[in-house]
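First up is the structure itself, then whatever we jot down about it.
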Amino acid sequence: MPLDATRNNLVLPILGLLVEQPAHAYEVTARLETRYPHLKIRRSSVVTLIKSLADGGLLLSGTPESVANRPARTTYRPTDAGIALFRTRVREGLTGSAPASAEFLTAVAYLGILPAAEAVAVLRARAERLRRETPVIPPGLPEIQMIEVHYWLRVLATEIAWLTETADRLAGGDLEVLV
């Protein structure tokens, strides 16, 4: 497997969908297109990535099966190494991605794969990082001259509030994780 294949932006959602339910490449492609309309998805890319992940020991392939008159298809599921990589990529997406980004959105979709205490810590650390990185509007400038900063401050405030609320719900047991 090429060293950078696991860094492809489709690897996280592919692994996530396969953790949820083993599937063949065509089914994974259809589920990706439905669940992640903001990602550019080509069936050939999904097939190639799935084969690379299987060759790298991150996915286990089943015996090809044919249903009705369709060609035989191989179902894939993550190995322990694949699940470990998946958790790592979720952590990375939650901690290192830009605010309000597609990378964060994809990672947060799988927050439940992390143990509750870790999920709480990751969300709180992200909220704190965003607080530290929040820009300051220079005094004396009319709002219209800094309108984009006002917009960005609102986006950051909303994300920080959501992160804090979700961490509190996880810590309080109102929201359960999968592990």
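Computed from a predicted model, the values in this text were never measured in an experiment. Side-chain atoms are counted along with the backbone in the values below, which use heavy atoms only and exclude waters and symmetry mates. Quick note: residue numbers are just sequence positions, from 1.
- Between Leu170 and Leu111, the closest side-chain pair of non-hydrogen atoms falls below 4.5 Å.
- In this structure, Arg89 is not positioned above the aromatic face of Tyr110 in the sense of NZ or CZ being under 6.0 Å from the six-membered ring centre and within 45° of the axis.
- Considering every non-hydrogen atom in both Gly82 and Leu15, the closest pair reads O-CD1, 3.9 Å.
- Between Thr166 and Val120, every side-chain heavy-atom pair lies at or beyond the 4.5 Å cut-off.
- In this structure the side chain of Arg129 never reaches within 4.5 angstrom of the side chain of Thr95, judged on heavy atoms.
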Could you walk me through whether Glu20 and Arg35 satisfy the salt bridge (Lys or Arg N to Asp or Glu O under 4.0 Å) test, starting with their C-alpha distance in whole Å, then the side-chain angles of each, then the deciding distance to 0.1 Å, before giving a yes or no? CA-CA 13 Å; Glu20 290 174 359; Arg35 190 158 171 183; 2.7 Å; yes
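- Between the side chains of Thr164 and Arg131, at least one donor-acceptor pair of N or O atoms lies under 3.5 Å.
- Hydrophobic cluster membership is shared by Leu94 and Leu39, with clusters built from Ile, Leu, Val, Met, Phe, Trp and Tyr side chains linked at under 4.5 angstrom.
- For the pair Arg73 (side chain) and Ala25 (backbone), a donor-acceptor distance under 3.5 Å is absent.
- You'll find the side chain of Thr74 stays beyond 4.5 Å of the side chain of His24, heavy atoms only.
- Hydrophobic clustering (side-chain heavy atoms under 4.5 Å, transitive across Ile, Leu, Val, Met, Phe, Trp, Tyr) keeps Val136 apart from Ile144.
- To the nearest 0.5 Å, the span separating CG on Leu163 from CG on Leu123 amounts to 5.5 Å.
- Within 6.0 Å of CG on Leu141 lie more than 12 heavy atoms contributed by other residues, nucleotides or ligands.
- For the atom pair Thr29 OG1 and Ile50 CD1, the distance stands at 6.0 Å (nearest 0.5 Å).
- Gly93 and Arg126 get closest at one heavy-atom pair: O-NH1, 4.0 Å.
- At most 12 non-hydrogen atoms from other residues, nucleotides or ligands lie less than 6.0 angstrom from CZ of Arg77.
- Using a 4.5 Å cut-off between side-chain heavy atoms of Ile, Leu, Val, Met, Phe, Trp and Tyr, with links allowed through other members, Ile83 and Val177 fall into the same hydrophobic cluster.
- Contact record, Thr79 with Gly57: OG1-O, 2.7 Å, taken as the closest heavy-atom pair.
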Trace of the side chain to side chain contact (heavy atoms under 4.5 Å, CB included) decision for Lys51 with Leu59: CA-CA 8 Å; Lys51 287 180 181 179; Leu59 296 178; over 6 Å; no
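- Cluster annotation: Leu49 and Ile41 are assigned to the same hydrophobic cluster (Ile/Leu/Val/Met/Phe/Trp/Tyr, side-chain heavy-atom contacts under 4.5 Å, transitive).
- Looking at Arg154 and Glu159, their side chains never come closer than 4.5 Å, going by heavy atoms from C-beta outward.
- Contact record, Val28 with Ala23: CG2-CB, 3.9 Å, taken as the closest heavy-atom pair.
- Contact annotation: the side chain of Val108 approaches that of Trp162 to within less than 4.5 Å [non-hydrogen atoms, C-beta and beyond].
- How far NZ of Lys40 is from OG of Ser45: 11.5 Å, rounded to the nearest 0.5 Å.
- Summarising the geometry, atom CZ belonging to Arg87 is positioned 8.5 Å from atom CD belonging to Glu118; distances are rounded to the nearest 0.5 Å.
- Minimum heavy-atom separation, Pro135 to Val149: CG-CG1, 4.3 Å.
- The structure places CG of Leu18 at 8.5 Å from CG of Leu53, a figure rounded to the nearest 0.5 Å.
- In this structure the side chain of Leu153 reaches within 4.5 angstrom of the side chain of Ile137, judged on heavy atoms.
- Without hydrogens or angle criteria, Ser97 side chain to Glu103 main chain gives no donor-acceptor distance under 3.5 Å.
- In this structure, Ala127 and Ile160 approach most closely via the heavy-atom pair O-CG1, 4.0 Å.
- Arg43 places no side-chain N or O within 3.5 Å of a backbone atom of Tyr26 that could act as its donor or acceptor partner.
- The shortest side-chain heavy-atom distance between Glu92 and Thr88 falls under the 4.5 Å cut-off.
- With Ser61 contributing its side chain and Tyr76 its backbone, the two residues share no donor-acceptor pair below 3.5 Å.
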Side chain to side chain contact (heavy atoms under 4.5 Å, CB included), that's the test. Do Glu128 and Glu133 meet it? Break it down for me. CA-CA 9 Å; Glu128 183 54 36; Glu133 294 175 0; over 6 Å; no
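- Between the OG1 atom in Thr158 and the CG atom in Leu130 there is a gap of 11.5 Å [rounded to 0.5 Å].
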Give the intermediate values and the outcome of side chain to side chain contact (heavy atoms under 4.5 Å, CB included) for residues Tyr36 and Arg31. CA-CA 8 Å; Tyr36 299 103; Arg31 288 168 53 201; over 6 Å; no
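- Note on Val19 and Leu60: separate hydrophobic clusters, where clusters join Ile, Leu, Val, Met, Phe, Trp and Tyr whose side-chain heavy atoms are under 4.5 Å apart, directly or indirectly.
- Judged by distance alone, the side chain of Glu65 and the main-chain N or O of Ala72 form no donor-acceptor pair under 3.5 Å.
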Kindly indicate, with the supporting measurements, whether the criterion side chain to side chain contact (heavy atoms under 4.5 Å, CB included) is fulfilled by His150 and Glu143. CA-CA 8 Å; His150 287 272; Glu143 181 179 348; 3.5 Å; yes
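- By the 6.0 Å contact criterion, CD on Gln145 is enclosed, its count of non-hydrogen atoms from other residues, nucleotides or ligands being greater than 12.
- The environment of Asp174 atom CG is dense: over 12 non-hydrogen atoms of other residues, nucleotides or ligands sit within 6.0 angstrom.
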